[in-house]
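One structure is given below, encoded as structure tokens.
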Amino acid sequence: MLLSVRDLQTHLHLKRGVLRAVDGVSLDVAEGETLGLVGESGSGKTLTGLSLLRLLPKGSGRIVGGSIKLDGQELTTLSEAALARDIRGRKIAMIMQDPMTSLNPVFSIGDQVGSPLRNHDIARGAALRSAVVDVLQRVRLPSPADRLGDYPHQFSGGQRQRIVAAMAIGCTPRLLVADEPTTALDVTIQVQIINLLRNIQADTGAGIILITHDLGVAASLCRRIAVMYAGQIIETGPVRAIYRTPSHPYTQALLAAIPRLGAKRARLTAIAGQPPSLIDPPTGCRFAARCTLRMDKCAEAPPNVTLSDGHSAACWKLV
Amino acid sequence: MGASMFRGVPWLPLLVIAAVGVCAAGGEAILPFDANELDLGIAFKPPFWLAGGDMTNPLGADNLGRDILSRIMAGSRVSVIVAFYAILFSGGIGAVIGMIAGYFGGWVDTLLMRLIEIQQSVPSIALALILAAALEPGLSTVVVVIVLTYWAWYARIIRGEIMALKGRDYIAFARVAGVGTPTIFVRHLLPNIFNTLVVLATLQVGQVILFEASLSFLGLGIQQPDISWGLMLADARQYITNAWWAITMPGIAIMLTCLSSNIFGDWLRDRLDPQLRQL
Amino acid sequence: MSGFFIRRLLQGVISIIGASMIIFVISRLSGDPILMLLPNDAPTSMIEETRRNLGLDRPLWVQYLIFAQNALVGDFGNSYRWKMPALKLILDRLPATIELAMCGLLFSVAVAVPVGVMSAVHRGGWIDRIGRVFAMLGQAMPAFWVGLLLILVFAIKLNWLPAFGHGSWSQLVLPAISLGWYPVAAQTRIVRSAMLDVLDSDHIRLSRALGTPERLIIWKYALRNAAVPLLTMLGVYFAAMLGGAFVVETIFAWPGVGRTVVEAVFARDFPVVQAGVLFTSILFVMSNLLVDLSYGLVDPRIRNGR
């Protein structure tokens, strides 16, 4: 297994108290696989992604438990220096949400795309330049050789996201964490970027974790999906299984909230209520307060029930 | 209002400001000694904590045996008077020009803005020098120089605020309803910039005190036998090797006063007009 | 870009013309310059003749034009005191003033940038706290007093550095520090808040995520962003240095324009005062202009006309 996360616990120490942002997350990503990490904002999906690189808010964020193994190497105990040198940008790279703000406005894109290559000693001098041109070609930026000296503001949103992707794949990382890579873009550009991610995967065989709140985007790119709610993964499985037989009431509600083309009636059901506070989360099922199928048992933590090969959900109803 | 208005008031700085105010208002009546009284017997007498000093002259005496504490207390008067008039006039003139430029816009605005630019292209100390060369140096010259230097600062900020206000509906309604321009200025614009003016004025106090001290130090400001902290420092510079306290004490008075008014000004700004924070 | 350039240049020229008018008018406030040129017992006929010769019988605006015309060709008249052209006197002393102002600015930036950066990086830490206390103190201490204290401590008590003079670098240290002292606080604040903004930006987060060493993130990628607001203010600070130079040069007996003008004021040496003040204003305007034009060097968004 390329990446294997077990019982990850990430806390944010805030003034109001300790926020259990990621609370016992386990997930696996195989080589060449794309995992969709789906959830509402605040569900802990972004912090799960940042935990992999230990890029938590300075001072307040800390991984307090669990393990993260990349190619069998434990990352939670690795030193900060080793992490920066060998993991970040080298083995695990990240693509962030907003291409308009992800690039440094006062450095040329040549410098920025070259930066990970330089820092990880992949290429230097003249070789660096050709490596940069090459990687920009791979993300299909038009005439890259002429544009190395250009600055971010001279590119469109879609082009910028390609440049961000080029920065990420420059060192051919083993794992790519893409956090809402299409959310800030127009629909037509979204499709291009999704195709780009597909191509990157075909090229490099990297594993991808796609973090998104959009089940549609996840479905179009991923083989497997993990649904997060209130800091925990409540259902995980192959895309087909999740779509055809969503088993956790929350997943069902999420799917019901998507307007589907060809459905007889566009049924938009918002889920009533709010997710629980993660400073003092309920001991039982965290979705219970909003769940229409709530039972007495739900006051206890639900077991993770395996439904079919690779499909499991955490709900008492399934026991 | 009420108690909440005073939450977090910086008491210590306020105390310093009050002390300066009392010294300035009290005049000669509250001085331990006549500030200009010579007593060569105690020339270069050190402050009380050093050998040879005592509590009669707690901060020591200068080269002519004048009591430094008394002179510092007397010097506060000049600082307060200069600050008062300089701020009153620069704030008043600046506010009026800023309001006119902001409200009328067009060529009036362009002209006034150019004027501000020109004013700001002469360094204020240089302006002071040339004024001092042309006029008799003294308290009123100091005030004139500071007003000439600072009106543009007020005008620029007030203009910006007025331009923002002008876009508001009620100003437009008032104009359509035929309310006269003077009425709009006094009734609608002035109350809205009042907080800003108060904050700017408070923040200016420290700068005015420093400016007056610098001018007096150069000999272009307050003249003997009047007493000013800057002038005391100019005197003390002559015998810097003999009496370090004479050069330290008036400076500390300047520093404490400025520090206190700056801290108070910051507090007031956060209270009344947080948008001015970038100043 | 060229349109912007020409507009700024024009504004600068207008400012300088305006400054020259201010200087001219104020100088004339002092009364009849003739009385200063001629001996007190000069006969009336001689006064009248000189007046006509110098054009002082004509309206004020004509006089201004004559003044401006002469100023354009560099003729400010002769110094009453030094008996040499005022312009030459000022130009001779200008390099020393620029040297001092540059060193003062260098000192302030050299302190403000690292302190501002470290205050932002370790927000709330001891550098941040000490920096803030010093900033408050710095804003409350007049430059001349700082200069006097420096002389007291480093020249008199410790005898490490000379208290006055010009020529060697050791004589430059104390004046440069007193001159650069005041703006340190404001510059630190600018750098600190700009750094805080930048360090919280997505592109820095991405840089970190891609394994850029922290030292490069802070001193290269973040700092160049944070330098933009400081750079835009440098002209203002250089100009402030020129103003401060009048006081600091006087304390340290620095042979620059500032001290020369201050002395000329006491000697009522008007040609020197006028030339000195006008030159300071021109430098002032030019430094602001230069900074406006050099924005582009650090901020490509402006360079490309956006």
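Within every chain, numbering begins at 1; the chains are lettered A, B, ... in the order of the sequence lines, protein sequences first and strands thereafter.
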> What residue in B/G230, B/S260, B/A213 has the most heavy-atom pairs under 4.5 Å with chain C?
Replying inline: B/A213
>> Only pairs of heavy atoms separated by less than 4.5 Å count here; which of B/A234, B/S214, B/G206 has the most with chain C?
In response: B/S214
For the interface with chain B, which of [options] has the highest count of heavy-atom pairs at distances below 4.5 Å?
options: C/I17, C/I22, C/I251, C/I14; answer: C/I251
options: C/V265, C/L283, C/V273; answer: C/V265
options: C/I23, C/V261, C/I16; answer: C/I23

> So, for C/A140 and B/L259, which heavy atoms are closest and what is the spacing to 0.1 Å?
Replying inline: CB-N, 3.5 Å
> If every non-hydrogen atom of C/W145 is compared with every non-hydrogen atom of B/L233, which pair is closest and at what distance?
Replying inline: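 Smallest interatomic distance, heavy atoms only, reads CD1-CD2, 3.8 Å.
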Taking side chain as C-beta onward, heavy atoms only, is [X] less than 4.5 Å from [Y]?
X: B/L220; Y: C/F246; result: no
X: B/Q207; Y: C/Q139; result: no
X: C/F144; Y: B/L218; result: no
X: B/W244; Y: C/I156; result: no

Answer yes or no: does atom [atom1] of [X] have more than 12 heavy-atom neighbours from other residues, nucleotides or ligands under 6.0 Å?
X: B/W49; atom1: CH2; answer: yes
X: B/Y239; atom1: OH; answer: yes
X: C/F134; atom1: CZ; answer: no

Euclidean distance, [Y] [atom2] relative to [X] [atom1], rounded to 0.5 Å:
X: B/I263; Y: C/M136; atom1: CD1; atom2: CE; answer: 4.0 Å
X: C/S20; Y: B/I118; atom1: OG; atom2: CD1; answer: 9.0 Å
X: B/L127; Y: C/S281; atom1: CG; atom2: OG; answer: 8.5 Å
X: C/L148; Y: B/T248; atom1: CG; atom2: OG1; answer: 9.5 Å
X: B/R237; Y: C/T250; atom1: CZ; atom2: OG1; answer: 7.5 Å

>> For C/F279, which atoms come within 4.5 Å of any heavy atom of chain B: side chain, backbone, both, or neither?
In response: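 For C/F279, there is no contact with chain B at all, as no heavy atom is under 4.5 Å.
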> Where does B/I252 contact chain C at under 4.5 Å (heavy atoms): side chain, backbone, both or neither?
Replying inline: both
